[in-house]
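Atoms within each ligand, like the ligands themselves, are counted from 1 in listed order.
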Amino acid sequence: MLNRVAVDLGVRSYEVRIGQGLLARAGAEIAPLLRRKRVAVVTDETVATRHLAALTAALTAEGITSTALSLPAGEGTKNWANLARCTEWLLEQKVERKDVVLALGGGVIGDLVGFSAAILRRGVRFVQLPTTLLAQVDSSVGGKTGINTAQGKNLVGAFHQPSLVLADIDVLSTLPDRDLLSGYGEVVKYGLLGDAAFFDWLERDGPALRQGDAAVRLRAVTRSVEMKAGIVSRDETEEGERALLNLGHTFCHALEKATGYSDRLLHGEGVAIGCALAFELSSRLGLCSQEEPSRVRAHLKAMGIKVDIRDIPGDLPGAETLIGLMGQDKKVVDGKLRFILARGIGQAFVADDVPGDKVRAVLDDALRS
Ligand SMILES: NC(=O)c1ccc[n+]([C@@H]2O[C@H](COP(=O)([O-])OP(=O)(O)OC[C@H]3O[C@@H](n4cnc5c(N)ncnc54)[C@H](O)[C@@H]3O)[C@@H](O)[C@H]2O)c1
């Protein structure tokens, strides 16, 4: 079964195709985009060992020749040095203005290669072939591309929409459980921010997703992509509604900075903890009932994903420092903070006037408990 989700952005519209066996059919899926039967593939070393041969064979089967570059795996790759390496390699491969670049990998490869495609010859087209759950449900859709710098994460980048996204559910079978669960943090986020029925379904079928049920994975990825595509189509450059996708992210960013973007905390794990904290904060502000944060936490715990700050190994700084790391210190001076909060499961909204002392209290309790 192949599901298709449209991202409607006028001349920059594209389709996200989600299904099984898509990598093996990638040549046929991509061929209509090509002016000449040649592509450049960029991936990471881990993904290359598992899935590059299948992609190359699929391209060859359609008469498409390809060259490939494998970069080191991991968040550290999303930097200036690899942006230069990737972009110069694409130039050496004589990628021209009308050619198409393929990004095969997780969010790191998608973000880096997408940015490289955005600046190469002032913009060449690219196709996302996301291989992590996080990349399939989130980073491959919406056109945010970029790298990290010494000053922080994703501070340099561009909006550059892909021409096509091919999310093959089967490639998730080689993904380590921890990376799968990290991606699940973003899946849950969609239910929490705007679709209570989806969250109900995840409470029931989430464990089957973790165990590898293809039908459940297909449905979870498709619903997540539908929600992201809808939001991006209405607000491509985050003037308003797209900010809802940041549910849990303000807490997450502080925790990621505090843990040095290391293996102590994966991005989706931080999102899961951040969502639980955002619901706790919402409840303490009287926006939703006390049962809602309990329900969020219970589901995350049942799935085996990190849910409490205390689940992060090693020491963490205090609440005040964490608030500083949210990059919101200027706003703290005025005593108000900007957060995505919720009036209930599936009912997130942007709050610009969150009292700093309430945030501090939530963090103090989370660090103590
Ligand atoms: N652009 C966006 O809108 C957006 C949204 C969310 C996150 N992101 C970015 O995404 C990045 C995180 O993405 P990620 O979690 O996919 O990390 P990742 O790309 O580092 O992948 C995680 C690990 O899984 C390995 N891997 C990937 N696919 C595999 C497979 N099928 N089998 C076995 N191993 C596989 C990778 O080699 C890597 O070691 C962050 O840099 C984050 O900033 C971007």
Side-chain angles (χ1 to χ4, degrees), residues 7 16 22-23 42-55 70-79 82-83 103-115 117-118 126 128-149 152-162 165-187 189-190 212 217 221 224-225 228-229 231-232 236-238 242-243 245-249 252-253 256-257 261-263 265-272 274 305:
V7 184
V16 184
L22 264 179
L23 202 59
V42 184
T43 186
D44 75 33
E45 286 159 3
T46 306
V47 176
T49 58
R50 289 159 174 82
H51 301 294
L52 182 57
L55 175 60
S70 299
L71 297 169
E75 187 69 35
T77 292
K78 242 175 77 172
N79 63 12
N82 283 299
L83 177 68
L104 174 70
V108 165
I109 288 297
D111 281 11
L112 175 83
V113 178
F115 187 32
F126 80 116
Q128 291 265 23
L129 296 130
T131 62
T132 62
L133 182 58
L134 182 138
Q136 295 193 349
V137 301
D138 192 353
S139 62
S140 66
V141 181
K144 281 191 181 175
T145 71
I147 56 166
N148 308 325
T149 66
K153 248 185 88 142
N154 300 325
L155 291 180
V156 175
F159 281 100
H160 186 50
Q161 300 291 345
V165 182
L166 297 177
D168 185 342
I169 301 299
D170 290 340
V171 302
L172 300 179
S173 63
T174 58
L175 196 62
D177 187 52
R178 186 174 173 202
D179 286 301
L180 185 88
L181 278 183
S182 170
Y184 189 78
E186 299 278 10
V187 175
K189 180 193 78 178
Y190 289 109
R217 286 183 176 185
V221 174
S224 300
V225 169
K228 179 141 188 193
I231 290 173
V232 167
E236 184 181 12
T237 53
E238 202 168 315
R242 189 166 178 167
L245 295 170
N246 294 332
L247 177 65
H249 282 63
C252 171
H253 287 153
E256 280 185 301
K257 273 192 201 165
Y261 304 102
S262 69
D263 268 4
L265 183 72
L266 302 181
H267 178 71
E269 293 172 339
V271 170
I305 189 170

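The contact set between ligand 1 and Lys228, taken as ligand atoms under 4.0 Å from a residue heavy atom, comprises 3 (O). Listed by number with element, the atoms of ligand 1 under 4.0 Å from a non-hydrogen atom of Arg50 are 32 (N), 33 (C). Against a heavy-atom cut-off of under 4.0 Å, Val47 is close to the following atoms of ligand 1: 26 (N), 27 (C), 28 (N), 29 (C). Those atoms of ligand 1 with a heavy atom of Thr46 less than 4.0 angstrom away are 34 (N), 37 (O). Close approach of ligand 1 to Lys153 is summarised as follows: ligand atoms under 4.0 Å from at least one heavy atom of the residue are 40 (C), 41 (O), 42 (C), 43 (O). The contact set between ligand 1 and Ala73, taken as ligand atoms under 4.0 Å from a residue heavy atom, comprises 37 (O), 39 (O). Every atom of ligand 1 with a heavy atom of His51 under 4.0 Å away is listed here by number and element: 31 (N).
Polar contact check, His267 against ligand 1: no nitrogen or oxygen pair lies under 3.5 Å apart. For a threshold of 3.5 Å applied to N or O pairs, the pair formed by Thr145 and ligand 1 contains no separation below that value. Inclusion of Glu75 in the set of residues having an N or O under 3.5 Å from an N or O of ligand 1 is warranted. For ligand 1, one of its N or O atoms has an N or O atom of Val171 under 3.5 Å away. An N or O contact shorter than 3.5 Å is missing between Arg242 and ligand 1 by distance.
At least one donor-acceptor pair under 3.5 Å links the side chain of Arg242 to the backbone N or O of Glu236. Between the side chain of Gln128 and the main chain of Leu166, no donor-acceptor pair closer than 3.5 Å is present. In terms of modelled atom types and a separation under 3.5 Å, the side chain of Lys228 and the main chain of Asp138 share a donor-acceptor contact.
Looking at residues two or more places apart in sequence or on another chain, you find no ring-ring contact (aromatic ring centres under 6.0 Å, His included) involving Tyr190. Annotation: ring-ring contact (aromatic ring centres under 6.0 Å, His included) contacts of His249 (sequence neighbours excluded): His253, His267.
The closest protein non-hydrogen atom to atom 10 (O) of ligand 1 is Gly107 CA, 3.3 Å. For atom 22 (C) of ligand 1, the nearest non-hydrogen atom of the protein is Asp179 OD1, 3.7 Å. Scanning the protein heavy atoms around atom 21 (O) of ligand 1, the nearest turns out to be Thr132 CG2, 3.6 Å. Looking only at protein heavy atoms, the nearest one to atom 9 (C) of ligand 1 is Asp111 OD2, 3.4 Å. Nearest protein heavy-atom neighbour of atom 28 (N) of ligand 1: Thr131 OG1, 2.7 Å.
To the nearest 0.5 Å, atoms OG (Ser140) and CG (Asp111) are separated by 10.0 Å. Atom OG1 of Thr149 is separated from atom CG of Leu155 by 4.5 Å, given to the nearest 0.5 angstrom.
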Query raised in the report: Given Lys189 and Leu245, is the side chain to side chain contact (heavy atoms under 4.5 Å, CB included) satisfied, shown in steps?
Result: CA-CA 8 Å; Lys189 180 193 78 178; Leu245 295 170; 4.1 Å; yes
**Report entry** Stepwise side chain to side chain contact (heavy atoms under 4.5 Å, CB included) test for Leu104 and Thr131
**Finding:** CA-CA 7 Å; Leu104 174 70; Thr131 62; 3.7 Å; yes
Query raised in the report: Does the pair Glu256 and Leu265 meet the rule for a side chain to side chain contact (heavy atoms under 4.5 Å, CB included), with working shown?
Result: CA-CA 7 Å; Glu256 280 185 301; Leu265 183 72; 4.2 Å; yes
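Counting only non-hydrogen atoms, the option in Asp138, Leu134, Asn154 that gets closest to atom 12 (C) of ligand 1 is Leu134. For atom 20 (O) of ligand 1, the choice among Val108, Val137, Leu266 with the nearest heavy atom turns out to be Val108. Across Gly110, Gly268, Ser139, Gly146, heavy-atom proximity to atom 4 (C) of ligand 1 is greatest for Ser139. Closest heavy-atom approach to atom 30 (C) of ligand 1 within the set Asp44, Val232, Thr174, Leu112: this belongs to Thr174.
In this structure, the side chains of Val108 and Asp44 stay at 4.5 Å or more apart for every pair of heavy atoms. By the 4.5 Å heavy-atom criterion applied to side chains, Phe115 and Lys78 are not counted as neighbours.
Using a 3.5 Å distance cut-off with no hydrogens or angles, the side chains of His51 and Thr174 do pair a donor with an acceptor.
Looking at Leu175 against ligand 1, both its backbone and its side chain come within 4.0 Å, counting heavy atoms.
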